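One structure is given here, and the rest of the page talks about it.
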Amino acid sequence: RKEVEQDPGPFNVPEGATVAFNCTYSNSASQSFFWYRQDCRKEPKLLMSVYSSGNEDGRFTAQLNRASQYISLLIRDSKLSDSATYLCVVNSPSGTYKYIFGTGTRLKVLA
Amino acid sequence: DAMVIQNPRYQVTQFGKPVTLSCSQTLNHNVMYWYQQKSSQAPKLLFHYYDKDFNNEADTPDNFQSRRPNTSFCFLDIRSPGLGDAAMYLCATSRDPGLSYNEQFFGPGTRLTVL
């Protein structure tokens, strides 16, 4: 089993739709969780950090379920500019300073 | 603005010709990372430094070396690039992960082409 797993998609959704991505992680001792957005041929950019049960930033909501070991990202009112790959990243337990990446979920918002 | 800078943004080299990629940061972060990313794949960690302590991933080829002469700079040396080393190379930094808000910050990447 991979340490961090995501559905690779692609998710093709119309403008204005709500879309949700899930990410599961295998190490129950993981402490920090992040969603990054990566555009084609660009670097990953931090979208949201998830430190407790979840948080919201405008149209984006991230949730953490420690019991089931998954993180979700909800995007409401999708825009064309939301088209990108969304990477789930988990900080490995303290002492190793490593971040484990999922393979990413590709989103395409259609006009 | 505090940031992570990578140079060059695009590098073309010949098969077997050594190449050095550079990364600098103004964030004063303890940890610096080098990742290799190929098309449609997740970034793959090559190695990282916590201050001057070097940590190599078990599956990083010997062909890849790194130097961190001071807090701000980190270099990736590819001693004998092969065609399979063509990729985007990403540098990232983070604060001490023992602290809160330990996000990684990425540079814009160097795209390496091997002819």
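Naming convention: chains lettered A, B, ... in sequence-line order (proteins, then strands); numbering from 1 in each chain. No experiment lies behind these values; they were computed from the predicted model shown.
Taking 4.5 Å as the limit, some side-chain heavy atom of B:Leu90 sits within range of a side-chain heavy atom of A:Pro44. At a threshold of 4.5 Å between non-hydrogen side-chain atoms, the residues A:Tyr99 and B:Ser94 count as touching.
When hydrophobic clusters are built by joining Ile, Leu, Val, Met, Phe, Trp and Tyr residues whose side-chain heavy atoms come closer than 4.5 Å, directly or via intermediates, B:Leu76 is grouped together with B:Leu83. Residues A:Ile71 and A:Leu47 share a single hydrophobic cluster, defined by chaining ILVMFWY side chains whose heavy atoms lie under 4.5 Å apart. Linking Ile, Leu, Val, Met, Phe, Trp and Tyr whenever their side-chain heavy atoms come within less than 4.5 Å leaves B:Phe105 and B:Tyr49 in two separate clusters. Linking ILVMFWY side-chain heavy atoms closer than 4.5 Å, directly or via other members, places B:Tyr33 and B:Leu21 in two distinct hydrophobic clusters.
Proximity to chain B (any heavy atom under 4.5 Å) is restricted, for A:Gln38, to the side chain, taken from C-beta onward.
Residue B:Asp59 qualifies as enclosed at atom CG: its count of foreign heavy atoms under 6.0 Å is above 12. Within a 6.0 Å sphere centred on NZ of B:Lys17, heavy atoms belonging to other residues, nucleotides or ligands number 12 at most. With a 6.0 Å radius and a threshold of 12 heavy atoms from other residues, nucleotides or ligands, A:Glu3 has its CD atom at or below the threshold.
The two residues A:Gly102 and B:Ala42 come nearest to each other via the heavy atoms O-CB, 3.2 Å. The nearest pair of heavy atoms linking B:Met88 to A:Arg41 is CE-O, 3.5 Å.
Side chain of A:Tyr36 to backbone of B:Gln104: a donor-acceptor contact under 3.5 angstrom is found.
For the residue pair B:Gln6 / A:Glu43, no side-chain donor-acceptor distance below 3.5 Å is found, with atom types taken as modelled.
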Determine whether A:Phe34 and B:Asn102 satisfy the following criterion, side chain to side chain contact (heavy atoms under 4.5 Å, CB included), listing intermediate values before the conclusion. CA-CA 10 Å; A:Phe34 310 91; B:Asn102 57 344; 3.6 Å; yes

Verdict with reasoning, B:Leu45 to A:Lys98, per side chain to side chain contact (heavy atoms under 4.5 Å, CB included): CA-CA 9 Å; B:Leu45 181 64; A:Lys98 291 200 296 187; 3.5 Å; yes

